[in-house]
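Before any comments, here is the structure.
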Amino acid sequence: MPAIAIIGAQWGDEGKGKATDLLGSRVDYVVKFNGGNNAGHTVVIDQEDGSSEKYALHLLPSGILTPGCTPVIGNGVVVDLAVLFEELDGLVARGVDVSRLKISANAHVIADYNRTLDKVTERFLGSRRIGTTGRGIGPTYADKMNRIGIRIQDIFDEKILRQKVEGVLDLKGQVLTKIYNRRPATVDETVEELRAYADRLEPMVCDTGLLLNQALDRDEIVLLEAGQATLLDVDHGTYPFVTSSSATSGGACTGSGIPPTRLGQVIGIVKAYTTRVGEGPFPTELHDDAGEHLRKVGAEYGTTTGRPRRCGWYDAVIARYAARVNGVTDFVLTKLDVLTGLEKVPVCVAYDVDGTRHDEMPVNQSDFHHAVPIYEYLDGWWEDISGARTFEELPANARAYVEAVEQMSGARISAVGVGPSRDATVVRHDLLS
């Protein structure tokens, strides 16, 4: 069985956690391959008594909520150990079994000085800020590329850990003190902070690349779950307003240790409209009552930060771009229910840039920043669709909307989210077929 990647096809917050959870009971491994605790997945699980349980996951793969599934934090992730164990302890307190979690020995660790640098750098940039979460993600990836990072495996050798911390603080300490007037943690403080987790961490750590390839050899199903999304990818996103890792299907391979020849399916997640958090261009963004309506009805506030998300209409240009960059085989369209009650639903089909029509993403960032959306207007619907479980049960105009954006977006729409609960999904094509 080839590996499957789940990729955000917009600027994140598309509902990847729910899509992963939809497949969770049928897969053997769920792997987080990029990012850190700068993104979140919200999963709502219905209970037998009719109530529901809501889980907000920031660092852990959503597969941790599925009994029998092995959740994996891959080598491409950066790990804040305090957040990791806070999340694990929170789940244990709610009766979730977390004993199957595996963590790559090669994943990098977020240290205190990286969190400090992230916050002061954003303040220093002022109006030129990127819009980071201030959690030390970017500086940790920068350390990785500069080959001065600290990896999970280093924590278990105090001598090596101390040498690495001394080396990096020789540089970071100067920057924090002389440029930003901040006192960094000492070598002893940093080593003590990281070593405090060693005993609890060690049983979880292994060669996850070997683990996952052996699972594929046994024909087990491995699901690779992206943090962030295509338009936030450091290479293929709206640079520089991007994350610091590879959130595309290519990153799924480098961040997990699974070769591209073993990746057989790429599932792209798109909302029935578009949102983003942070700075950067956003052609379909709404600054009126329509945008506030989408934010309110869709509960568009960040799982990790609580920040209100910027909202806009569906952008088929972005969807086509994501389909091409990732090799999307199937789309999952989420939050269709949020569009209920609109007389007309606009869909961006192209951009106007200084009088020139662009049916694909403009080559340069300046053109994208000045892109004006060209809309087609589709008929809306008023019926409650949250109880629909087959495509035929959707109102005619809702079906027409799905079929229209499918035609525009470059891959088939195989599932449609019609509500927040775990089972509120219309499946048009089996995602594991």
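Residues take their numbers from the sequence shown, with the count starting at 1. From a predicted model like this one, the values you see are computed outputs, not experimental measurements.
Under 4.0 Å is where a charged nitrogen must lie from a carboxylate oxygen, and between Glu285 and Arg310 at least one such pair does. Ion pair Arg276/Asp13 not flagged as a salt bridge, since none of the NZ, NE, NH1 or NH2 atoms sits closer than 4.0 Å to an Asp/Glu carboxylate oxygen. A salt bridge links Asp143 with Lys172: at least one charged nitrogen is closer than 4.0 Å to a carboxylate oxygen. Between Arg115 and Glu193 there is a salt bridge, with a side-chain nitrogen of the basic residue lying less than 4.0 Å from a carboxylate oxygen of the acidic one. Between Asp315 and Lys271, no side-chain nitrogen of the basic residue sits less than 4.0 Å from a carboxylate oxygen of the acidic one, so the salt-bridge criterion is not met. Salt bridge status for Arg320 with Glu360: present, with a side-chain N to carboxylate O gap under 4.0 Å. Residues Asp337 and Lys335 are not paired through a salt bridge, judged by the lack of any N-O separation under 4.0 Å between the basic side chain and the carboxylate. Using a 4.0 Å cut-off between a side-chain N of Lys or Arg and a carboxylate O of Asp or Glu, Glu376 and Lys344 do not qualify as a salt bridge.
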Is there a side-chain contact (heavy atoms from CB on, under 4.5 Å) between Leu431 and Leu23? Walk through the geometry before answering. CA-CA 8 Å; Leu431 289 172; Leu23 298 170; 3.7 Å; yes
Determine, step by step, whether Arg218 and Asp28 satisfy the salt bridge (charged side-chain N to carboxylate O under 4.0 Å, His left out) criterion, reporting the C-alpha distance in whole Å, the side-chain angles of both residues, the deciding distance to 0.1 Å, and the verdict. CA-CA 11 Å; Arg218 295 190 298 268; Asp28 300 292; over 6 Å; no
Verify side-chain contact (heavy atoms from CB on, under 4.5 Å) between Leu216 and Ile258, making sure each step is shown before the conclusion. CA-CA 9 Å; Leu216 291 171; Ile258 292 176; 4.1 Å; yes
Assess the residue pair Tyr29 and Leu224 against the criterion (side-chain contact (heavy atoms from CB on, under 4.5 Å)); give the C-alpha distance rounded to whole Å, side-chain angles, the decisive distance to 0.1 Å, and a yes or no. CA-CA 8 Å; Tyr29 293 81; Leu224 306 167; over 6 Å; no
Please report the C-alpha distance between Lys102 and Ile73 in whole Å, then the side-chain angles of each, then the deciding distance to 0.1 Å, and finally whether the side-chain contact (heavy atoms from CB on, under 4.5 Å) criterion is met. CA-CA 6 Å; Lys102 299 298 180 185; Ile73 293 177; over 6 Å; no
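In this structure, Leu117 CG and Leu176 CG are separated by 4.0 Å, a value rounded to the nearest 0.5 Å. Separation of atoms OH (Tyr273) and CG (Leu333) is listed at 10.5 Å; rounding is to 0.5 Å. The CD1 atom of Ile103 sits 12.0 Å away from the NZ atom of Lys32 when rounded to the nearest 0.5 Å. Taking CD of Glu343 as the reference point, atom CG of Asn397 lies at 11.0 Å (rounded to 0.5 Å). Put simply, OG on Ser249 and CD1 on Ile267 are 12.0 Å apart, with the number rounded to the nearest 0.5 Å. Atom CD of residue Glu292 and atom NE2 of residue His287 lie 12.5 Å apart, to the nearest 0.5 angstrom.
The main-chain N or O of Ala350 is never found under 3.5 Å from a side-chain atom of Asp359 such that the two would form a donor-acceptor pair. A donor-acceptor pair under 3.5 Å is absent between the side-chain atoms of Tyr401 and the main chain of Trp381, judged by distance alone. Checked by atom type and distance alone, the side chain of Asp118 never pairs as donor or acceptor with a backbone atom of Asn114 at under 3.5 Å. Between the side chain of Glu87 and the backbone N or O of Leu59, at least one donor-acceptor pair lies under 3.5 Å. Checking side-chain atoms of Thr116 against main-chain N and O of Asp112 turns up a donor-acceptor pair under 3.5 Å. A donor-acceptor pair under 3.5 Å is formed between the side chain of Arg428 and the backbone N or O of Ile413. A donor-acceptor pair under 3.5 Å is absent between the side-chain atoms of Arg309 and the main chain of Thr275, judged by distance alone. In this structure, the side chain of Thr329 engages the main chain of Val266 through a donor-acceptor pair within 3.5 Å. Side chain of Asp233 to backbone of Tyr239: no donor-acceptor contact under 3.5 angstrom is found.
A side-chain N or O of Trp11 and one of Thr238 form a donor-acceptor pair less than 3.5 Å apart. In this structure, a donor-acceptor pair under 3.5 Å is present between the side chains of Gln265 and Asp330. No donor-acceptor contact under 3.5 angstrom links the side chains of Asn364 and Ser366, judged on distance only. When only modelled atom types and interatomic distance are considered, Tyr314 and Ser409 share a side-chain donor-acceptor pair under 3.5 Å. Between Arg100 and Thr70, the side chains place a donor N or O and an acceptor N or O closer than 3.5 Å (distance only, hydrogens not considered). No hydrogens or angles considered: a donor-acceptor pair under 3.5 Å links the side chains of Asn326 and Thr230.
The ring pair (Phe, Tyr, Trp, His ring centres under 6.0 Å) contacts involving residues 59-93 comprise Phe85-Tyr197, where partners must be two or more places apart or lie in separate chains. Within the structure, the ring pair (Phe, Tyr, Trp, His ring centres under 6.0 Å) test picks out no pair touching residues 88-120 (sequence neighbours left out).
The shortest side-chain heavy-atom distance between Glu300 and Pro308 does not fall under the 4.5 Å cut-off. At a threshold of 4.5 Å between non-hydrogen side-chain atoms, the residues Leu336 and Ile385 count as touching. With a 4.5 Å cut-off on side-chain heavy atoms, Val347 and Tyr375 do not count as touching. Contact of the Ile64 side chain with the Asp97 side chain is not registered, since no non-hydrogen atoms from C-beta on lie closer than 4.5 Å. Annotation: side chain of Leu294 is in contact with side chain of Trp313 (closest heavy-atom distance under 4.5 Å). Side-chain contact between Val372 and Val353 is absent, with no heavy atoms from C-beta onward closer than 4.5 Å. Counting only heavy atoms from C-beta outward, the side chains of Arg399 and Phe391 approach each other to under 4.5 Å. A 4.5 Å side-chain heavy-atom check between Asn34 and Ser246 finds every atom pair outside the cut-off.
Among residues two or more places apart in sequence or in another chain, the side-chain contact (heavy atoms from CB on, under 4.5 Å) test is passed with Gln153 by Ala105, Asn106, Arg151.
With Leu84 as reference, Leu101 is the one residue of Asp89, Leu101, Val109, Asn37 to meet the side-chain contact (heavy atoms from CB on, under 4.5 Å) rule.
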